[in-house]
Structures are given as C-alpha cells and as structure tokens.
Amino acid sequence: MHFFGHEFHSAGMAPSQGMIWYRSKSLISRSASALDAGLLRKMQGSRPAGLSLWNLRGSSTICVSSQAEDGLAEMSELIKSSLKDCEHAEVSELEQEVDVQRKMHDAFEKILDGLELAEADMNDLEHRGLLEHQIKQVGFKTWPGGSMSVPTMGAWRWGLGGQVRVYVQPSLLIPARNPEGLITGLHNKPHRKRGNDASKYMWVSVQKSFKLHTGGSPLFCCWYDWSPASTVALIEGGLKAYVFAHLAGRMKVIGAVGGQFWQSPSELLHALARFEATRVVLFPDAGSTRNKCVILDYFRTFRLLRSWGFQVGVAWWGQHDKQGDADADDLLVGMRIEEFEARMVVLSIQDFWHQVDGNLQHQLLHSRHFEVFSAVGIRSSSALAITPLV
C-alpha cells in the first residue's frame with residue numbers, strides 16, 4: 001500500500017471531491033485520564049450518538065461531534081458517571097464552548113467574506129500547485145492594507161475576549177482551521193516590496209492575541225473525505241500545509257508555524273485524536289538538520305508524541321541544504337507522487353538523528369536540553385535503518 005493516495009497528483013488533475021470540512025467530525029474535545037479496557041468498552045457500548053473516545057498512552061480524548069449537540073446532557077452524565085477528572089463535563093460549559101467556537105469562526109469568516117483574492121496572490125498560489133477550487137475552499141484572501149479588527153479568544157467560561165485592532169500591511173491572508181474547518185486565527189504573508197525578496201509570515205494579532213484559551217497557537221488542519229485514518233503528516237507552516245495536503249492528495253495534514261507543534265500540545269493531541277491517528281510522520285524542511293533551534297523544536301515534538309504512544313517517523317529525501325534542496329511541497333510541484341515515493345524514505349527518530357550535523361549533535365547533547373533527546377532514545381549511535389514508504 002502506498003503512503004500517498006493517487007486521486008490526483010498534478011496541478012492538471014482535479015480530485016473527484018473537494019475538501020470536506022464538516023463531515024460528522026467532532027466539534028469539541030476533552031482530555032481525561034486513560035480509560036481502562038473494561039471502562040472503555042462500557043462507554044463505547046452505551047455512548048450517545050456523536051460521542052467518540054480515543055485512548056492513548058496515559059490519557060483519553062473524548063470528542064463530541066455536531067451530531068451530539070442535542071444529546072449533550074446525556075453525554076455529560078455519561079462522562080461524569082465514568083470519569084472523575086475530565087476537563088469539562090457540565091452541560092452548560094460544553095454548550096458554551098460550542099457557541100464560542102462558532103462565534104470565533106463566524107467573526108473570522110465575516111472578515112474574509114468581505115475581501116477578494118488579488119490576481120498576483122492567485123497566480124502565486126497556482127504556481128505552488130493549487131487549483132482554483134482548492135484555493136477557494138481554503139479561503140485565501142488578499143488584505144489591501146490598513147487597520148483590521150479581529151476577535152480574540154478568552155477563557156471558555158467568559159466567551160470571546162473581544163476585538164483588537166491591528167494594522168496589517170498588504171498581504172495574503174491564510175486562515176488557520178481546526179479539523180472541523182472552523183477558523184481559529186489568521187496568518188498573513190506580506191506582499192514583497194520592490195528590492196526586498198523577504199516576506200515574513202506572521203499572525204494577525206496584537207501582543208499574541210492570536211493565542212487560544214489553552215495558551216497554544218492555532219494549527220492548520222487539512223484533510224479529504226477519503227483520507228485514511230491511521231497516518232497524519234506534520235509539516236512546518238500554514239500555507240505550506242495546505243499546499244502539501246492538496247498535492248499529496250490523501251494524507252491528513254497538520255501544520256504549525258515554525259514547526260513548533262510542541263507549543264500547542266492540547267490542540268495537537270485533540271487534532272490527532274479527531275483524525276484517529278496511530279502514526280505520525282514529520283516532513284522536515286530543507287536545511288533543518290543544520291539548524292539548532294529547528295532540530296530542538298522537532299525533538300520536543302517527538303518527545304510529546306512518543307509520550308502519547310504514537311508511532312513516529314521522519315520523511316527523508318536528502319534535504320540537508322536549505323538553498324540546494326526542496327521542501328516537501330516544492331518537491332511535489334515538480335514531480336508525480338510515484339516519483340516522490342520512490343525518492344523518499346521514512347526514518348526512525350534515531351536514524352533521523354544520524355542526519356543531523358555532527359557539531360549540532362554535540363552542542364545539543366551537551367546543553368541543558370539533553371533530556372529532550374534522551375527521552376526519545378538518543379544516547380548512542382546505532383546502525384542506520386531505512387524504512388521504505390511502501
């Protein structure tokens with residue numbers, strides 16, 4: 001079985017279906033202590049429609065779909081009778097959380113609905129390999145420049161945190177969506193100024209007002225109705241996550257700004273639970289093996305994923321050099337999926353460590369962060385083992 005799907009594998013082939021955002025997926029998630037096998041079977045056998053349970057090492061995640069909205073009371077009683085330490089169980093809190101998430105989404109959508117997508121931004125997205133209907137589905141828009149009023153997230157019990165006004169220079173707006181497609185934040189790519197090729201992506205926010213109620217940052221989740229459940233790809237960035245998901249065709253993809261997934265543990269865990277993942281594969285950017293901060297972020301994420309019991313792999317196609325090698329999304333634009341699969345392997349965490357620059361290895365293992373690496377078994381060298389993607 002191939003790692004990628006083959007519904008479409010070039011900019012010239014459209015998928016038979018578009019991206020599905022609201023197909024019976026969970027609206028909210030809550031963590032609890034790990035359920036033992038007997039209790040898990042009991043709850044699965046008697047749970048109301050729309051309630052799903054996802055058991056991981058050390059914890060369980062309870063996901064509630066829109067189907068369960070009318071049955072929140074029954075679900076709440078089931079949770080309270082079976083678990084003593086669930087984050088939320090009161091019906092009023094669950095209903096309020098649903099309401100706040102929708103209000104956040106509606107507020108962001110209202111901003112985007114009033115905007116168009118400039119021809120230059122459309123051309124740039126198409127150059128990256130996206131088709132017109134894919135661009136429309138994600139909701140990319142162009143901000144002409146000026147002051148923007150955006151919603152902020154407060155604690156669930158207090159509802160929305162109000163609005164902040166922020167000056168945003170002319171840019172491409174990239175909505176951050178959770179696994180249900182609800183918009184949780186706006187990222188932007190400023191338009192390049194003449195004589196300056198640099199364009200730094202940033203959140204549309206004031207003093208980290210983009211942060212969610214958990215303290216984490218919004219993630220960029222993208223999936224198709226036919227996406228298989230077991231494996232989820234992690235990729236750095238927001239725009240890049242959408243591009244990669246569309247070009248790869250079937251993979252469920254989660255993107256994080258700067259690749260710092262570990263800084264949004266609640267969002268990451270709940271997204272993986274909603275995606276019903278058992279295996280996670282990171283797609284490192286080109287040049288990452290020579291960047292100390294990036295490697296530290298990757299291994300902090302590995303430690304988190306392993307602590308939850310996920311299988312973890314790292315996609316590798318020899319991308320050592322930031323200038324000379326391509327990132328995953330750029331590589332897919334220039335070749336067919338079959339060619340990419342033939343070129344790429346999935347490494348274990350330990351084998352990916354062998355690809356890291358030797359000087360960086362020494363610095364990291366002799367720094368105050370050495371426990372991050374020892375937690376995932378980086379203690380001594382071992383023989384390189386390569387796992388093919390088929």
Side-chain angles (χ1 to χ4, degrees), residues 1-4 219-220 228 230-237 240-241 244-245 247-248 250-265 268 271-272 275 277-322 324-332 337 340-358 360-361 364-365 369 372-390:
M1 180 178 179
H2 290 283
F3 192 63
F4 292 116
L219 298 177
F220 299 80
S230 59
T231 301
V232 170
L234 302 185
I235 192 165
E236 181 177 335
K240 188 178 298 184
F244 179 73
L247 294 178
R250 283 184 64 192
M251 291 198 72
K252 293 179 179 178
V253 178
I254 303 174
V257 172
Q260 297 178 328
F261 295 93
W262 65 276
Q263 289 196 352
S264 301
L268 180 60
L272 290 171
F275 280 165
T278 58
R279 184 188 187 212
V280 178
V281 177
L282 174 74
F283 285 73
D285 271 0
S288 60
T289 55
R290 299 172 183 174
N291 187 309
K292 181 179 178 180
C293 292
V294 172
I295 289 298
L296 182 56
D297 282 330
Y298 285 170
F299 276 80
R300 280 171 165 160
T301 299
F302 295 157
R303 178 176 63 175
L304 195 61
L305 292 169
R306 289 281 293 271
S307 72
W308 291 332
F310 286 103
Q311 301 175 40
V312 180
V314 184
W316 185 253
W317 54 96
Q319 66 272 35
H320 281 293
D321 186 61
K322 184 175 181 63
D325 296 318
D327 293 340
D329 59 319
D330 295 323
L331 200 62
L332 273 171
I337 292 293
F340 193 26
E341 287 181 326
R343 178 171 175 176
M344 185 172 55
V345 294
V346 173
L347 303 176
S348 67
I349 294 174
Q350 289 76 14
D351 293 337
F352 175 63
W353 176 251
H354 284 283
Q355 304 297 332
V356 176
D357 178 84
L360 284 188
Q361 289 184 355
L364 290 166
L365 290 180
H369 304 295
V372 172
F373 300 89
S374 63
V376 293
I378 304 301
R379 297 185 181 88
S380 60
S381 60
S382 58
L384 183 64
I386 296 180
T387 305
L389 277 172
V390 294

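Side chains are part of it too, since the values below use all heavy atoms of this structure and drop only hydrogens, waters and symmetry mates. Numbering starts at 1 and runs along the sequence shown. It should be emphasised that the depicted structure is a prediction, and the values quoted were computed from it without experimental measurement.
Separating the CE atom in M344 from the CG atom in L332 is a distance of 7.5 Å, to the nearest 0.5 Å. Between D285 atom CG and K322 atom NZ the span is 6.5 Å, to the nearest 0.5 Å. Going from atom CZ of F261 over to atom CZ of F302 covers 10.0 Å, rounded to the nearest 0.5 Å. Separation of atoms CH2 (W308) and CG (L268) is listed at 4.5 Å; rounding is to 0.5 Å. Note that the CG atom of L282 and the CG atom of L305 stand 9.0 Å from one another [nearest 0.5 Å]. To the nearest 0.5 angstrom, I378 atom CD1 is 7.5 Å from H354 atom NE2.
Remark: D297 engages Q260, W262 in a side-chain hydrogen bond (donor to acceptor under 3.5 Å, both in side chains) (not counting sequence neighbours). Listed by chain and number, the residues in a ring-ring contact (aromatic ring centres under 6.0 Å, His included) with Y298 amount to none (sequence neighbours excluded).
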Next item on the list: Apply side chain to side chain donor-acceptor pair (under 3.5 Å) to S348 and D351, showing your working.
Entry: CA-CA 5 Å; S348 67; D351 293 337; 3.1 Å; yes
Note to self: side chain to side chain contact (heavy atoms under 4.5 Å, CB included), that's the test. Do I349 and F299 meet it? Break it down for me.
What the structure shows: CA-CA 9 Å; I349 294 174; F299 276 80; 3.6 Å; yes
Note to self: Show, in sequence, the C-alpha distance, side-chain angles and deciding distance for L296 and K292, and conclude whether the side chain to side chain contact (heavy atoms under 4.5 Å, CB included) test is met.
What the structure shows: CA-CA 6 Å; L296 182 56; K292 181 179 178 180; 5.7 Å; no
Next item on the list: Start with the C-alpha distance between I254 and L272, add both sets of side-chain angles, then the distance that settles side chain to side chain contact (heavy atoms under 4.5 Å, CB included), and finish with yes or no.
Entry: CA-CA 9 Å; I254 303 174; L272 290 171; 3.9 Å; yes
Next item on the list: With side chain to side chain contact (heavy atoms under 4.5 Å, CB included) as the test, would you mind laying out the steps for D330 and K240 before giving the verdict?
Entry: CA-CA 9 Å; D330 295 323; K240 188 178 298 184; 5.9 Å; no
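Side chain of Q355 to main chain of T289: no donor-acceptor pair is present (N/O by atom type, distance under 3.5 Å, no hydrogens or angles). Formation of a donor-acceptor pair under 3.5 Å by the D325 side chain with backbone atoms of H320 is found in this model.
Across all their heavy atoms, H369 and F373 have their closest contact at O-CD1, 3.4 Å. Residues A277 and V232 approach most closely at CB-CG2, 3.6 Å, considering heavy atoms. When all heavy atoms are compared, the tightest approach of V253 to A241 is CG1-O, 3.8 Å.
In this structure, V280 and T301 have side chains that are not in contact, with every pair of non-hydrogen atoms separated by 4.5 Å or more. Considering only heavy atoms from C-beta on, V257 comes within 4.5 Å of F220 through its side chain. Side-chain contact check for M251 versus I235: every heavy-atom pair is 4.5 Å or farther apart.
At a threshold of 4.0 Å, the pair R290-D321 counts as salt-bridged, since one of the basic side-chain nitrogens sits closer than that to a carboxylate oxygen.
Each of W316, F352, F244 was scored for a ring pair (Phe, Tyr, Trp, His ring centres under 6.0 Å) with F283, with one residue passing: F244.
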